[in-house]
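Just so it is clear: chains get the letters A, B, ... in the order the sequence lines come, proteins before strands, and each one is counted from 1. All heavy atoms count here, side chains included; hydrogens, waters and symmetry mates do not.
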2 protein chains.
Amino acid sequence: MQNSEALALTAALLAAAGDLTQRINDGVVARGFEARPAYGFAFARLAPDGATVTDLATHLGVTKQAASQLVDELVRKGFVERRPHPGDARARLVVLTERGWACTRAAEEAAAEAVQGWVDVLGEREVRALCDRLVRIAPYGRIRPAW
Amino acid sequence: MQNSEALALTAALLAAAGDLTQRINDGVVARGFEARPAYGFAFARLAPDGATVTDLATHLGVTKQAASQLVDELVRKGFVERRPHPGDARARLVVLTERGWACTRAAEEAAAEAVQGWVDVLGEREVRALCDRLVRIAPYGRIRPAW
DNA sequence: AGGATTGGTCAAGTAGCTTGACTATATGGC
DNA sequence: GCCATATAGTCAAGCTACTTGACCAATCCT
């Protein structure tokens with residue numbers, strides 16, 4: 001594989017990721033939520049049973065201060081609330097509100113819609129193969145693209 | 001394909017793109033260039049024959065002011081220079097200096113190195129297939145992931 | 001020729017992150 | 001049981017890379 005191809009691959013990855021991210025966010029906004037892309041990835045971590053600020057920070061690849069600010073923002077908009085942590089008095093458990101769940105579902109719908117465009121081009125099998133390979137490459141990488 | 005899978009795919013794409021981007025940048029820095037990830041994508045546009053600030057802005061998906069600031073930065077670091085545009089007295093052609101070319105080659109090497117890690121895991125055939133599919137999906141999308 | 005468009009820069013404002021400093025709770029060695 | 005150390009979280013300040021807005025000069029269109 002030539003050197004220049006590797007850069008092109010990177011560019012394609014970034015373009016694909018950016019495109020998808022923006023489509024999802026547009027879809028969420030179109031469904032009436034005042035959101036930005038980071039929300040969806042935060043929700044993905046918070047969804048099952050909530051998480052601490054530090055967990056969230058690790059998941060998003062930012063400092064815990066930044067994660068805390070994001071949580072402030074989400075609280076202000078009514079998507080999550082901070083509760084005392086059952087097993088640790090220092091920590092606080094951040095959990096989704098009903099509105100937060102609604103926004104999460106909207107994000108998933110929008111994501112499915114955006115990916116559908118790819119399925120139309122490549123077919124479901126190919127998209128799934130793509131997905132599998134990506135997961136094998138970057139199983140637990142930080143979400144944040146960062147440049 | 002389920003809705004939640006679509007979000008996971010997006011996350012995997014972002015993680016892969018972010019991982020690759022950071023590895024490339026680390027590689028470039030290790031080769032002695034004071035660079036940030038945006039440089040590589042700028043160089044990709046400037047490399048053949050140079051480009052105007054507006055071209056660059058379109059390619060990177062930012063305002064022309066932002067692109068102009070990036071060019072300022074690149075000039076200050078000696079990677080590019082602004083020349084009068086041969087066919088348009090308003091425009092200026094931004095071209096790579098010798099140092100700029102050296103940094104471009106470093107970026108391509110680093111990219112190849114980073115992708116090699118993927119080849120080791122998936123095999124060359126699979127990586128190439130991945131690449132082809134990505135290009136079919138996002139042929140000329142903006143580079144900038146933006147969140 | 002002259003209004004509208006385009007390429008570029010200057011200036012100011014800002015979102016979203018960072019680093020640094022601090023408090024409160026928890027943990028582990030002795 | 002105590003103290004040193006580590007961890008969860010917040011507050012405050014600073015900074016980077018972007019944005020919007022205003023503007024000038026050259027070009028295009030009719």
Side-chain angles (χ1 to χ4, degrees), chain A residues 14 18 21-22 25 29 34-43 45-46 49-77 79-95 142-147, chain B residues 14 18 21-22 25 29 34-43 45-46 49-77 79-95 142-147:
Chain A
L14 279 170
T21 302
Q22 192 178 338
N25 196 58
V29 169
E34 193 195 345
R36 61 190 178 92
Y39 291 6
F41 301 107
F43 291 164
R45 184 69 187 79
L46 298 175
D49 302 301
T52 66
V53 164
T54 301
D55 288 340
L56 195 57
T58 304
H59 180 245
L60 295 177
V62 297
T63 60
K64 56 186 181 175
Q65 292 90 326
S68 187
Q69 286 173 18
L70 176 61
V71 171
D72 285 344
E73 199 179 319
L74 292 172
V75 168
R76 209 179 322 123
K77 293 188 181 166
F79 293 125
V80 307
E81 50 186 38
R82 290 187 223 250
R83 295 201 181 155
H85 194 288
D88 189 337
R90 295 171 301 179
R92 314 176 72 176
L93 199 58
V94 181
V95 296
R142 296 183 310 168
I143 299 297
R144 186 158 165 257
W147 75 268
Chain B
L14 280 171
T21 302
Q22 192 178 337
N25 197 57
V29 170
E34 194 195 343
R36 60 189 179 92
Y39 291 8
F41 301 106
F43 291 164
R45 183 70 186 79
L46 298 175
D49 303 299
T52 65
V53 164
T54 302
D55 288 341
L56 195 57
T58 304
H59 180 245
L60 295 177
V62 297
T63 59
K64 57 186 181 175
Q65 291 92 326
S68 187
Q69 285 174 18
L70 176 60
V71 171
D72 286 344
E73 199 179 321
L74 292 172
V75 168
R76 208 179 323 122
K77 293 189 181 165
F79 293 126
V80 307
E81 49 185 39
R82 291 186 222 250
R83 294 201 180 156
H85 194 288
D88 188 338
R90 296 169 302 178
R92 314 176 71 175
L93 200 58
V94 181
V95 297
R142 295 184 310 168
I143 300 295
R144 187 159 165 256
W147 75 269

Exercise. Can you list the steps and then say if B:Val80 with B:Val95 is a side chain to side chain contact (heavy atoms under 4.5 Å, CB included)?
Worked result: CA-CA 5 Å; B:Val80 307; B:Val95 297; over 6 Å; no
For this session: To the nearest Å, give me how far apart CZ (A:Arg36) and P (C:dA15) are.
Result: 11 Å
For this session: With the side chain of A:Gln65 defined as its heavy atoms from C-beta on, choose the nearest nucleotide among C:dG8, D:dA8, D:dC11.
Result: D:dC11
Exercise. On DNA chain C, nearest-nucleotide positions of B:Val53 versus A:Ala89: which is more 5'?
Worked result: B:Val53
Seminar exercise, completed: All heavy atoms of A:Tyr39 vs all of A:Glu34, minimum pair found to be CE2-O, 3.5 Å
Problem set entry | Phosphate contact (D:dT10 OP1 or OP2) by A:Arg82 side-chain N/O below 4.0 Å | yes
For this session: Give the rounded distance in Å between these two atoms: NE2 of B:His85 and P of D:dT27.
Result: 11 Å
Exercise. Under 4.0 Å between a side-chain N/O of A:Thr54 and OP1 or OP2 of D:dG9, yes or no?
Worked result: yes
For this session: Could you check B:Lys64 against B:Asp55 for side chain to side chain contact (heavy atoms under 4.5 Å, CB included), going step by step and ending with a plain yes or no?
Result: CA-CA 9 Å; B:Lys64 57 186 181 175; B:Asp55 288 341; over 6 Å; no
Exercise. With distance as the sole criterion, do the side chain of A:Gln69 and the base of C:dT18 form a donor-acceptor contact below 3.5 Å?
Worked result: yes
Problem set entry | Bend angle of the helix from C:dA1-D:dT30 to C:dC30-D:dG1, from helix axes over five pairs at each end, nearest 10° | 40°
For this session: Mind running side chain to side chain contact (heavy atoms under 4.5 Å, CB included) on A:Ser68 and A:Arg82 for me, showing each step along the way?
Result: CA-CA 11 Å; A:Ser68 187; A:Arg82 290 187 223 250; 3.9 Å; yes
Exercise. With respect to the side chain of B:Val62, which nucleotide from C:dG8, D:dT27, D:dT19 is positioned closest?
Worked result: D:dT19
For this session: Rounded off to whole Å, could you give me the CG-to-C1' distance for the A:Leu93 and D:dT7 pair?
Result: 16 Å
For this session: Look at A:Ser68 and D:dT10 and indicate whether a side-chain polar atom (N or O) is within less than 4.0 Å of OP1 or OP2.
Result: yes
Exercise. How many Å lie between CD on A:Glu34 and P on C:dA15, as a whole number?
Worked result: 12 Å
Exercise. Which is true for B:Thr63 with a 4.0 Å heavy-atom rule: it touches a base, it touches only sugar-phosphate, or it touches nothing?
Worked result: base
Exercise. Does a nitrogen or oxygen in the side chain of B:Arg92 sit under 4.0 Å from OP1 or OP2 of C:dT9?
Worked result: yes
For this session: Quickly work out the B:Phe41 CZ to D:dA17 C1' distance and round it to whole Å.
Result: 16 Å
Exercise. Between C:dG7, C:dA26, C:dC17, which one does the side chain of B:Thr52 approach most closely?
Worked result: C:dG7
Seminar exercise, completed: Separation of D:dG9 atom P from A:Asp88 atom CG, nearest Å, is 8 Å
For this session: Would you check if B:Leu93 and B:Pro84 make a side-chain contact, meaning some heavy-atom pair closer than 4.5 Å?
Result: no
Exercise. Roughly how many Å is it from CG in B:Leu70 to C1' in C:dG8, rounded to a whole number?
Worked result: 15 Å
Exercise. What nucleotide, of D:dT20, D:dC18, C:dT25, holds the atom closest to the side chain of B:Ala66?
Worked result: D:dC18
Exercise. Only one of B:Leu46, B:Leu56, B:Thr52 forms a side-chain contact (heavy atoms from CB on, under 4.5 Å) with B:Val71, so which one is it?
Worked result: B:Leu56
Problem set entry | Heavy-atom side-chain contact between B:His85 and B:Arg90 under 4.5 Å | no
Exercise. Any idea which of C:dG8, C:dT18, D:dT27 is nearest the B:Arg90 side chain?
Worked result: D:dT27
Problem set entry | A:Leu56 CG - D:dT10 P separation (whole Å) | 11 Å
For this session: Please report the closest heavy-atom contact between B:Thr21 and B:Pro37, naming both atoms and the distance.
Result: CG2-CB, 3.6 Å
